[in-house]
Amino acid sequence: MSKTYSNFLDDFAAMSSFGSTAGGGVDRQAGTAEDHGTRRWFGQWLTQHGYTETVDEAGNQFGTIELVPGAPYVLLGSHLDSQPLAGRYDGAYGVLAAATAGSIVGAEARAGKVNPVYNIAVVNWFNEEGSRFAPSMMGSSVFTGKLALEDALATTDHSGTTVAKALAGGHLLPDGSALTLTNVARYAEIHIEQGRNLEESGTQVGVVDRTWAASKFRVTVDGAQSHTGATRMEDRRDALYGAALLIAAARELAAEFEPGLLHTSVSELYVLPNSPVTIARQVTMNLDLRSPDEDVLARAVDLLGKWAGEASDRSRTDVRMELTHQWGLVHYQPEGVALGIASAERLGFTHTNIMTVAGHDSTNMKDVVPTVMLFVPSVEGISHNEAEYTRDEDALRGVELLTEVTRRLLQGDMG
């Protein structure tokens, strides 16, 4: 591997120092001091490597390199924000890989080694994780017109801080010069797999061709607040008991189907009044169903609805399930998949087509511009955890692959 790529590891180590945790991960949720520190460091990196840095009103951080005046841009990127006590690779690897690839190809174009028809841009999407501000993928949703800017800016965290206020603490404020969707011709993103498929099969890179289908619910369980000791058991309407029944049902639901056909989870639980001597009057939580088979997902949603009714009856509570997000098996453009495969083959990397279970900013971008999505292996599939890890050789191989993809996109490949 050339020194050009190996410098990436030193840069990544420096970037990972922001919000670093004792367990070897990072904690830099969107708009926090740790996130802003990382953004400031990345802005300096961009300037040092020939980019012009800008920020849009949704908090998306861009670096641009103009090669063909007036031409649209090939946009590359991912996100720098994290989950609480998270791994250092999720998102951040893809941002720095994108910036590195863009810098290399931009230098090649200026040296006459590449004939560009587009310009180069890199993006750090704001609030991809959605851990502090919901929904996730917020920055790319605003950029692609799926979420109104005013709604995003008015979103609050659980302390009442708005996105607008969180962004106001940043090192760079919007001035109207940032990239917009109308100026983007192509998009590419690289990410750790967050699963075990590549590692277990011994495959070096993955080219994403589809997303899993998903249905996400905001579940509210309403009961009656009362005394934990004095209230008779038969009189209790315990919202936490009703929630517990539904949590267990969601886990057991996966066993109703063949292994690997359904993933279920419940997360972000809020209990009111959350007092040690008071039975809960209300519980709210997120419930997530995902499947590589749309029919399986539909059957799972129906079955879950029946089980939610049973949980309501047993606990004497009211259970409401609000569908907040839903999508089917959505394909990435075949020409983007073909370009990713051709790039891997030119470099001699073993590859496979792969579905993404997780959501990424590319799942928004693919709906509006031709998109290439790439994966590198994750050790043991661990993610959203301080132990998340991708081996150096895999990380560097991914940077090299993204550089080749960028080179081809810049010259107008992909039709």
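For this chain, numbers begin at 1 and follow the sequence in order.
Residues L46 and A99 share a closest heavy-atom pair of CD2-CB, 4.4 Å. Contact record, V369 with Y187: CG2-CB, 3.9 Å, taken as the closest heavy-atom pair. Across all their heavy atoms, L253 and L289 have their closest contact at CD2-CD2, 4.0 Å. Here the closest non-hydrogen pair linking I192 and S378 is CB-OG, 3.5 Å. Annotation for N364 and S141: closest pair ND2-OG, 3.2 Å, computed over non-hydrogen atoms. Closest heavy-atom contact between F133 and A166: CZ-CB, 3.9 Å.
Not counting sequence neighbours, the partners of D318 by the salt bridge (charged side-chain N to carboxylate O under 4.0 Å, His left out) test are R237. The side-chain contact (heavy atoms from CB on, under 4.5 Å) test applied to S78 returns V95, E189, H191, not counting sequence neighbours. N183 pairs by the side-chain contact (heavy atoms from CB on, under 4.5 Å) definition with Y73, L179, T180, not counting sequence neighbours. Every residue meeting the salt bridge (charged side-chain N to carboxylate O under 4.0 Å, His left out) condition with R408, not counting sequence neighbours, appears here in chain and number order: E404. Checked against side-chain contact (heavy atoms from CB on, under 4.5 Å), P174 has the following partners two or more places apart in sequence or in another chain: E57. Remark: S362 pairs with Y332 by the side-chain hydrogen bond (donor to acceptor under 3.5 Å, both in side chains) rule, at least two apart or across chains. Residues satisfying the ring-ring contact (aromatic ring centres under 6.0 Å, His included) test with F143, not counting sequence neighbours, are F62, W125. Judged as a salt bridge (charged side-chain N to carboxylate O under 4.0 Å, His left out), and not counting sequence neighbours, the contacts of E268 are R218.
Between V330 and D367, the closest side-chain pair of non-hydrogen atoms falls below 4.5 Å. The side-chain heavy atoms of V68 and V117, taken from C-beta on, include no pair separated by under 4.5 Å. Side-chain contact between F18 and V26: absent, with no pair of heavy atoms (C-beta onward) separated by less than 4.5 Å. Contact of the L374 side chain with the V208 side chain is not registered, since no non-hydrogen atoms from C-beta on lie closer than 4.5 Å. Looking at heavy atoms from C-beta onward, R316 lies out of side-chain contact with Y241 at the 4.5 angstrom threshold. Residues T356 and M373 have side chains not in contact (no heavy-atom distance under 4.5 Å, counting atoms from C-beta outward). Between L401 and V376, every side-chain heavy-atom pair lies at or beyond the 4.5 Å cut-off. The shortest distance between side-chain heavy atoms of T155 and D151 does not fall below 4.5 Å.
Within the 3.5 Å criterion, the main-chain N or O of D157 finds no donor-acceptor partner in the side chain of R132. Between the S20 side chain and the S16 main chain, no donor and acceptor come within less than 3.5 Å of each other. Judged by distance alone, with hydrogens and angles left aside, the side-chain atoms of D81 form no donor-acceptor pair with the main-chain N or O of F126 at under 3.5 Å. In this structure a side-chain-to-backbone donor-acceptor pair under 3.5 Å is present from T406 to L402. Under a 3.5 Å cut-off, the side chain of K306 and the backbone N or O of L303 do not form any donor-acceptor pair. A side-chain donor-acceptor contact under 3.5 Å links S312 to the backbone of T317. With W212 contributing its side chain and G359 its backbone, the two residues share no donor-acceptor pair below 3.5 Å. A donor-acceptor pair under 3.5 Å links the side-chain atoms of E388 to the main chain of D90, judged by distance alone. Distance alone, capped at 3.5 Å, places no donor-acceptor pair between the T32 side chain and the R28 backbone. Distance alone, capped at 3.5 Å, places no donor-acceptor pair between the T203 side chain and the L198 backbone.
Among pairs with a residue in residues 43-52, those fulfilling side chain to side chain donor-acceptor pair (under 3.5 Å) read D11-W45, at least two apart in sequence or across chains. Note on residues 255-265: no pairs pass side chain to side chain donor-acceptor pair (under 3.5 Å), not counting sequence neighbours. Among residues at least two apart or in separate chains, side chain to side chain donor-acceptor pair (under 3.5 Å) pairs with a member in residues 289-302 are D288-R290.
At most 12 non-hydrogen atoms from other residues, nucleotides or ligands lie less than 6.0 angstrom from CD of E380. The neighbour count for K146 NZ, taken as heavy atoms of other residues, nucleotides or ligands under 6.0 Å away, is above 12. Counting heavy-atom neighbours within 6.0 Å of R110 CZ, excluding the residue itself, gives a total above 12.
For the atom pair CG (L96) and OG1 (T38), the distance works out to 12.0 Å, reported to the nearest 0.5 Å. Atom CG of L262 and atom CG of L297 lie 7.0 Å apart (nearest 0.5 Å).
Under 3.5 Å, the side chains of H79 and D361 contain no donor-acceptor pair of N or O atoms.
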Q61 vs E53, side chain to side chain donor-acceptor pair (under 3.5 Å): CA-CA, chis, key distance, verdict: CA-CA 7 Å; Q61 181 182 19; E53 183 195 6; 2.9 Å; yes
Which pairs of donor and acceptor atoms, one on a side chain in residues 319-326, lie under 3.5 Å apart (sequence neighbours left out)?
| residue | atom | partner | partner atom | Å |
| --- | --- | --- | --- | --- |
| R320 | NH2 | D222 | OD2 | 2.9 |
| T324 | OG1 | K216 | O | 3.2 |

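Using the six-membered ring where Trp is involved, H360 and F375 have ring planes that are perpendicular, over 60° apart on the 30 and 60° scheme.
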